[in-house]
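Quick notes on the structure that follows.
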Amino acid sequence: MILFPLPGNWGRGKTTMVRGIASGLEVRDTVSSPSFLIIQEYRGRYPVFHGDFYRLGSYQELEDIGWDEYFHREGIMLIEWGNLIPEAIPEDYLEVVIKEPGLETARLHKFIPHGKRYQAVVEELAEKCESWG
């Protein structure tokens, strides 16, 4: 399981980023915000689990839907508002922070690794970005 919690205010582009990742993973379904479903599942090259913690009041609500079971499945977990229930996030994960654009700039995506696995992922991504010039 690869986990990407996506913190940020309304309108930052979290769902748009999830749509882009899902498209890159060959998900053919329409990706929408799972605010009322908590977690939406999609099939692609890898399973994609798109969650939204905004409307949750406690970790117990996640336990009630079988949150721990998701970590025994293969796939990519993308969580909007993951910062609202920090006890739900494991020690190793890749945090993606979306910064609001300035007047003359596009959105900035900052990848923050938590754990050795994700440190290696970020280093590999940085190398690829450099080679793309």
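Along the sequence shown, residues carry numbers from 1. What's counted below: heavy atoms across the whole structure, side chains too, no hydrogens, waters or symmetry copies.
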Original post:
Which pair of non-hydrogen atoms, one from Ala88 and one from Leu62, has the smallest distance, and what is that distance?
Top reply: CB-CD1, 3.5 Å

Original post:
Between Gly115 and Asp92, what is the shortest heavy-atom contact and its length?
Top reply: CA-OD1, 3.2 Å

List the residues meeting salt bridge (Lys or Arg N to Asp or Glu O under 4.0 Å) with [X], not counting sequence neighbours, and say none if there are none.
{"X": "Glu123", "value": "none"}
{"X": "Arg28", "value": "none"}
{"X": "Glu91", "value": "none"}

Original post:
Where do Leu84 and Tyr54 land on the side chain to side chain contact (heavy atoms under 4.5 Å, CB included) test, with the steps shown first?
Top reply: CA-CA 7 Å; Leu84 297 181; Tyr54 186 76; 4.0 Å; yes

Original post:
Can you name the side chain to side chain donor-acceptor pair (under 3.5 Å) partners of Tyr59, sequence neighbours left out?
Top reply: Asp68

Original post:
Which residues satisfy the side chain to side chain donor-acceptor pair (under 3.5 Å) test with Glu69, sequence neighbours excluded?
Top reply: none

Sidechain-backbone polar pair: [X] side chain, [Y] backbone, donor-acceptor under 3.5 Å:
{"X": "Arg117", "Y": "Tyr93", "value": "no"}
{"X": "Glu124", "Y": "Ala120", "value": "no"}
{"X": "Arg19", "Y": "Val31", "value": "yes"}

Original post:
Between Glu26 and Tyr46, is a side chain to side chain contact (heavy atoms under 4.5 Å, CB included) present by the stated rule, with each step listed?
Top reply: CA-CA 8 Å; Glu26 300 172 4; Tyr46 299 99; over 6 Å; no

Original post:
Please walk me through it: do Leu94 and Phe111 pass side chain to side chain contact (heavy atoms under 4.5 Å, CB included)?
Top reply: CA-CA 7 Å; Leu94 180 59; Phe111 296 87; 4.1 Å; yes

Within-4.5 Å side-chain heavy-atom neighbours: [X] and [Y]:
{"X": "Glu61", "Y": "Ile65", "value": "no"}
{"X": "Asp52", "Y": "Ile79", "value": "no"}
{"X": "Tyr70", "Y": "Met77", "value": "yes"}
{"X": "Trp67", "Y": "Ile38", "value": "no"}

Original post:
Going by atom types only, do Glu41 and His50 share a side-chain donor-acceptor pair under 3.5 Å?
Top reply: no

Subject >> Listed once per pair and sorted, the salt bridge (Lys or Arg N to Asp or Glu O under 4.0 Å) pairs that draw on residues 81-90, sequence neighbours left out >> reply: none

